[in-house]
Chemist: 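This is the structure I want to talk about, given as structure tokens.
The shown structure was predicted, so the numbers you read here are calculated from the model rather than taken from an experiment. Counting convention: from 1, in listed order, for ligands and their atoms alike.
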Amino acid sequence: MGSDIKNGKERTNNIYLRKSLIVLLLAAVCHGIAAAPVQEKTWVVVIDAGHGGKDPGALGSSCREKNINLAIALKTGEYLKKSLSNVKVLFTRDNDVFIGLKERADFANKNKADLFISIHANWAASKSIRGTETFIMGLSKDEQNLEVAMKENEVIELEDDFSARYEGFDPKSPESYIMFTLMQNIYQEQSTQLASGVQNQFRTRAGRIDRGVKQAGLLVLYMTSMPSILIETGFITNPDEEKYLMSKEGQEYIASAIFRAARDYISEIDKKSVIRSSADPVQQVRVDTVTESDPPSETGLKFMVQITTSNYKKEIRAENFRGIADVSEIRSEDRFRYAAGNFVNYNDAVEYRKQILGLYPDAFIIAVRENKIIPLQEAMDLTKTK
Ligand SMILES: [Zn+2]
């Protein structure tokens, strides 16, 4: 269990190593040249084939959901890898193994994924129900969406000690889903953009029935901290769709539709936020921490809006950040992160993010404590207990 996750990590480390070497070489080559090279953002895309191993997922008349999910996930990843040089694809599983929902989300979070795409196939009691739908995290009053969430979340019952791991969350009890009303999905806009792209592609290019973009309390999306979607590629309880999803051609159509949507999303965001390196790429890399500008709250906690990352250190000047003056640098292990604003209240950061979204559409809120980025949920808990 989870062995491919470890391989994924090793792969990541290798890629970082190779990337640092390239950066060093580039820096050496560019030394003395006045024009700064344009730094392309590397996108980390985690593709998650739902279910696996002892968890077959939904059952069709002659297929298991887990196999369809895996085939489509691998093809989608292959298309992304082949076509986009600035994308690093990681799979939560690339074979038939069981992985818990929390492990899937943790894997994406640890690898600092920019996108999380979970691939599933749907189930309905009636054979006539058909079509594709893409979910983002959120609370919906729609009973059908709740049903999908319950079905997809139910897999945690196969995990050891699931009640403790998921803090008493009962996937079958509607009351458990109330906790999702407390969350604010800061990636809602981006997730919706990607989800709409997928549904568009399904409808216009793959000729599938489009049941739309929906919201539901899906645990795996709840636990990831990046734009995340869960795709239901069709109903394996409908004979036509089952046949389609089991066929090589059907799987290729679905995978290429997901690929195109992801590609378009990435190029859209890239267009708006090209990262340019600072004037002197050979500048000594210093281990820096967040610059103190505002007095921190009593908890030492502050909320900022991460606007961009760079492999090179950038001089903190408004013209380097599209006119934003209040920028701090956060040195993380692999790259420089730049965050704007400095707020004691989370809601102030939310308001501020809205103001600068036109400049940085991919901006998101981070919590910083003792000069370290901490998980947002932890920060929210800290502000609550205060
Ligand atoms: Zn599923």
Chemist: How large, to 10°, is the angle at the Zn ion (ligand 1) when you draw lines to ND1 on H120 and to OE1 on E152?
Modeler: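 It is 90°, given to the nearest 10°.
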Chemist: Can you tell me which N/O/S atom of E65 has the shortest distance to the Zn ion (ligand 1)?
Modeler: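 In E65, the N, O or S atom with the shortest distance to the Zn ion (ligand 1) is OE2.
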Chemist: For N86 and D270, test the side chains for any donor-to-acceptor distance below 3.5 angstrom and give the result as yes or no.
Modeler: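 Yes - a donor-acceptor pair under 3.5 Å links their side chains.
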Chemist: Between Y177 and F169 (judged by ring centroids, cut-off 6.0 Å), do the two rings come close enough to count as a pair?
Modeler: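 They qualify: ring centres under 6.0 Å apart.
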Chemist: Could you name each residue pair satisfying side-chain hydrogen bond (donor to acceptor under 3.5 Å, both in side chains) that touches residues 226-238, not counting sequence neighbours?
Modeler: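 Qualifying pairs: T224-S228.
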Chemist: Could you name each residue pair satisfying side-chain hydrogen bond (donor to acceptor under 3.5 Å, both in side chains) that touches residues 255-264, not counting sequence neighbours?
Modeler: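 Residue pairs with at least one partner in residues 255-264: Q201-R260.
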Chemist: Using 2.8 Å as a strict upper limit, say whether an N, O or S atom of E232 approaches the Zn ion (ligand 1) that closely.
Modeler: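 It does not; every qualifying atom lies at 2.8 Å or beyond.
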